[in-house]
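Some notes on the structure that comes next.
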Amino acid sequence: MSCVSPHVPDRRQPGGKKLEWFEPSDGARVLVLAWTCDCLAMVYELCQAGGQGFIRRTLQNEDAPEIRETHRWPLAQAREVWAALLTGMVR
């Protein structure tokens with residue numbers, strides 16, 4: 001079986017920026033707009049909640065997943081960060 005979702009590069013590209021990751025926010029309904037392949041331990045999702053976008057990162061542990069999120073941006077900016085993540089320019 002082949003993967004159909006994108007994979008995030010193993011490392012940030014030279015000159016790439018580091019994203020800040022926070023505990024997930026509670027309470028808001030979240031719409032997942034895009035995601036990376038779940039064949040790897042680390043899965044990323046482009047999410048929308050309350051008219052803003054953010055990226056969710058899930059480390060799939062055997063015991064319990066470790067979930068972190070970026071802060072929220074206007075949706076257009078979140079899509080730009082998502083594209084940068086997929087090309088290794090942010091991580």
Side-chain angles (χ1 to χ4, degrees):
M1 185 162 122
S2 64
C3 300
V4 294
S5 297
H7 293 90
V8 172
D10 290 337
R11 297 179 186 191
R12 252 189 348 253
Q13 295 292 325
K17 296 182 180 181
K18 185 175 180 180
L19 291 172
E20 291 188 55
W21 298 96
F22 306 97
E23 291 289 325
S25 298
D26 291 330
R29 289 184 59 166
V30 174
L31 174 63
V32 177
L33 304 172
W35 53 88
T36 61
C37 189
D38 65 356
C39 70
L40 301 174
M42 190 73 71
V43 177
Y44 296 88
E45 298 170 311
L46 173 61
C47 301
Q48 179 179 348
Q52 295 183 310
F54 62 97
I55 297 173
R56 178 183 291 152
R57 179 184 77 185
T58 302
L59 177 58
Q60 303 181 83
N61 290 323
E62 286 186 27
D63 298 336
E66 290 180 31
I67 301 170
R68 298 290 181 264
E69 297 176 351
T70 62
H71 67 278
R72 272 102 166 115
W73 300 284
L75 192 52
Q77 185 176 357
R79 288 183 185 278
E80 290 174 6
V81 175
W82 177 253
L85 177 76
L86 294 180
T87 60
M89 292 310 295
V90 300
R91 186 75 185 260

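Hydrophobic clustering, with ILVMFWY side chains joined whenever heavy atoms are under 4.5 angstrom apart, groups Trp82 together with Val8. Note: the hydrophobic cluster containing Leu59 also contains Ile55 (ILVMFWY, side chain heavy atoms under 4.5 Å, direct or indirect links). Under the 4.5 Å side-chain heavy-atom criterion for ILVMFWY residues, no single connected hydrophobic cluster contains both Phe54 and Met42. Residue Ile67 is not grouped with residue Leu46 when hydrophobic side chains (ILVMFWY) are merged at heavy-atom distances under 4.5 angstrom, including chains of intermediate members. Under the 4.5 Å side-chain contact rule for hydrophobic residues, Leu86 and Val81 share a cluster.
Between Pro65 and Thr58, the shortest heavy-atom distance links the atoms CB-CG2, 3.8 Å. Across every non-hydrogen atom of Cys37 and Val43, the tightest pair is O-CG2, 3.9 Å. Closest approach of Leu85 and Arg91 over heavy atoms only: CD1-CA, 4.2 Å. Of all heavy-atom pairs between Ser25 and Glu69, the closest is N-OE1, 3.2 Å. Scanning both residues, His7 and Cys39, for their nearest heavy atoms gives NE2-SG, 3.1 Å.
Between the SG atom of Cys47 and the CG atom of Leu31 there is a distance of 8.0 Å, given to the nearest 0.5 Å. The OG atom of Ser5 sits 11.0 Å away from atom CG of Leu40, with the distance rounded to the nearest 0.5 Å. To the nearest 0.5 Å, the span separating CD on Gln48 from CZ on Arg79 amounts to 7.5 Å.
When the shell of 6.0 Å around CH2 of Trp35 is examined, it contains 12 or fewer heavy atoms from other residues, nucleotides or ligands. Dense packing is recorded around CG of Asn61, with more than 12 heavy atoms of other residues, nucleotides or ligands lying under 6.0 Å away.
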Please determine whether side chain to side chain contact (heavy atoms under 4.5 Å, CB included) holds for the pair Arg68 and Arg56, giving the CA-CA distance in whole Å, both sets of side-chain angles, and the decisive distance to 0.1 Å.
CA-CA 6 Å; Arg68 298 290 181 264; Arg56 178 183 291 152; over 6 Å; no
Does His71 form a side chain to side chain contact (heavy atoms under 4.5 Å, CB included) with Glu20? I'd like the steps, not just the answer.
CA-CA 8 Å; His71 67 278; Glu20 291 188 55; 5.6 Å; no
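Taking the six-membered ring where the residue is Trp, Trp21 and Tyr44 present tilted rings, their angle falling between 30° and 60°.
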